[in-house]
Amino acid sequence: MDKMKTSASNKVAKCVIYIALLFLAISIIVPVGWVFLASVKENSEFYGNPWVLPKGLYFQNFADAFAKASMGDYMLNSVITTALGLLLLLVIALPAAYTLARYKFFCSKLLKVLFMGGLFINVNYIVVPIFLMLVDADKLARELFGSGFFLNNLFMTALIYASTSLPFTIYLLSGFFVTIPKDYEEAAFVDGSGYFRTMVQVMMPMAKPSIITVILFNFLSYWNEYIISMTLLTKDKKTLPVGLMQLMQAQQAAANYGQLYAGLVIVMLPTLILYILVQKKLTQGMSLGGLKG
């Protein structure tokens with residue numbers, strides 16, 4: 001009887017969980033699907049029932065978003081800043097995480113504490129100090145070189161992205177490096193491999209799941225970032241989120257909703273494709289990185 005009651009309660013619990021997950025999936029899928037359908041509707045179709053399927057595939061909305069709303073230029077700026085930010089982040093974070101995880105040296109514990117403390121700092125709270133520092137640096141550069149390059153610079157924006165995401169990245173990568181047995185390093189040293197070669201050819205390939213996890217998380221963060229790019233970039237250097245906000249304001253006033261939803265799809269599509277491609281590696285990297293801490 002006790003076993004029957006336990007099995008029955010387990011089935012009820014599973015049913016409740018599955019129903020909750022089903023509602024959660026519907027709450028996510030329905031809005032995303034609605035945006036995709038709305039992006040191929042003609043403007044006149046928005047004045048009827050919003051749940052009616054489009055009469056045809058009106059891809060002119062995407063052409064107008066790229067050409068008239070400059071979404072193509074904004075997308076290129078986002079691609080540049082995201083790629084540069086990820087490159088800088090990996091070049092800095094991988095050696096730092098490996099060194100902090102595998103070696104003890106002077107101030108190593110202090111550095112670990114500082115990086116852990118960085119996890120509790122919200123980037124949005126320090127945007128203004130960063131901006132004021134860059135303004136002062138830009139003034140100094142104008143006095144010395146005749147032109148400033150700290151503001152409205154895609155590389156500087158990518159550098160700010162990378163620096164603000166270092167604590168989380170180093171925390172995740174170092175947590176994975178700690179789990180790797182030292183036998184691999186000792187075998188590499190016996191074969192005559194140095195520290196740098198061991199890190200690049202032995203340890204980094206083994207950390208591939210965590211590296212993919214870091215790339216995906218930070219890609220999503222950089223691609224959708226709004227506050228920093230809005231503050232540091234002006235004129236023709238705006239990124240997609242900033243350009244999308246301007247497009248929303250302009251098209252809502254003009255009642256051109258098809259072009260607006262096409263812009264939303266342009267922003268969402270790269271992140272959805274990337275997540276679909278690496279979702280298994282993402283789950284694997286998160287589980288491996290959290291084994292030891």
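Numbers here simply count residues along the sequence, with the first being 1. In this text the structure is predicted, and so the values were computed from the model without any measurement.
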How many angstroms lie between [atom1] in [X] and [atom2] in [Y], if you round to the nearest 0.5 Å?
{"X": "Leu94", "Y": "Ser174", "atom1": "CG", "atom2": "OG", "answer": "11.0 Å"}
{"X": "Tyr222", "Y": "Ile228", "atom1": "OH", "atom2": "CD1", "answer": "9.5 Å"}
{"X": "Tyr74", "Y": "Lys238", "atom1": "OH", "atom2": "NZ", "answer": "5.0 Å"}
{"X": "Lys237", "Y": "Ile80", "atom1": "NZ", "atom2": "CD1", "answer": "8.5 Å"}

**Request:** Can you establish whether the number of heavy atoms outside Phe189 located under 6.0 Å from its atom CZ is more than 12?
**Result:**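 Yes.
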**Message:** Please check if the number of heavy atoms outside Phe105 that lie under 6.0 Å from its CZ is greater than 12.
**Reply:**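 Yes, the 6.0 Å shell around CZ holds more than 12 heavy atoms from other groups.
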**Prompt:** With a cutoff of under 4.5 Å between side-chain heavy atoms, which Ile, Leu, Val, Met, Phe, Trp and Tyr residues group with Ile28?
**Reply:** Leu24
**Asked** Other than Leu37, which residues form its hydrophobic cluster under the rule that side-chain heavy atoms must be closer than 4.5 Å?
**Response** Leu53
**Request:** Among Thr81, Thr239, Thr157, Asn77, find the residue that satisfies the side-chain hydrogen bond (donor to acceptor under 3.5 Å, both in side chains) test when tested with Ser229.
**Result:**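 Between Ser229 and the candidates, side-chain hydrogen bond (donor to acceptor under 3.5 Å, both in side chains) is satisfied uniquely by Thr239.
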**Request:** Go through the structure and list residues passing ring-ring contact (aromatic ring centres under 6.0 Å, His included) with Tyr103, not counting sequence neighbours.
**Result:** Tyr98, Tyr195
**Non-neighbouring partners of Phe219 that pass ring-ring contact (aromatic ring centres under 6.0 Å, His included), sequence neighbours left out** =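 Here the qualifying residues are Trp223.
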Check: [X] side chain, [Y] main-chain N or O, donor-acceptor pair, under 3.5 Å:
{"X": "Lys41", "Y": "Val52", "result": "yes"}
{"X": "Ser210", "Y": "Ala207", "result": "no"}
{"X": "Thr179", "Y": "Phe176", "result": "yes"}
{"X": "Thr82", "Y": "Val79", "result": "no"}
{"X": "Ser108", "Y": "Lys104", "result": "no"}
{"X": "Glu45", "Y": "Lys55", "result": "yes"}
{"X": "Glu186", "Y": "Ala188", "result": "no"}
{"X": "Asn61", "Y": "Ser39", "result": "yes"}
{"X": "Lys112", "Y": "Leu100", "result": "yes"}

**Request:** Answer yes when Glu185 and Arg102 have at least one side-chain N-carboxylate O distance shorter than 4.0 Å, and no when they do not.
**Result:** yes
**Prompt:** For residues Ser193 and Thr198, is any side-chain donor paired with an opposing acceptor at under 3.5 Å?
**Reply:** yes
**Request:** Identify, with sequence neighbours excluded, every residue that meets side-chain contact (heavy atoms from CB on, under 4.5 Å) alongside Tyr226.
**Result:** Met230, Pro241, Val242, Met245
**Request:** Using side-chain contact (heavy atoms from CB on, under 4.5 Å) as the criterion, list what pairs up with Ile215, not counting sequence neighbours.
**Result:**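 In terms of side-chain contact (heavy atoms from CB on, under 4.5 Å), with neighbours along the sequence ignored, Ile215 is linked to Leu86, Leu90, Ile211.
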Hey, does [Y] have a side-chain heavy atom less than 4.5 Å from the side chain of [X]?
{"X": "Leu159", "Y": "Asn153", "value": "no"}
{"X": "Val267", "Y": "Asn224", "value": "yes"}
{"X": "Leu88", "Y": "Tyr161", "value": "no"}
{"X": "Phe36", "Y": "Tyr261", "value": "no"}

**Item:** Where Asp138 and Phe150 come nearest, the two heavy atoms and their spacing
**Value:** OD1-N, 3.0 Å
**Request:** Sort out for me which residue in Leu134, Leu232, Leu84, Ile130 forms a side chain to side chain contact (heavy atoms under 4.5 Å, CB included) with Met156.
**Result:** Leu134
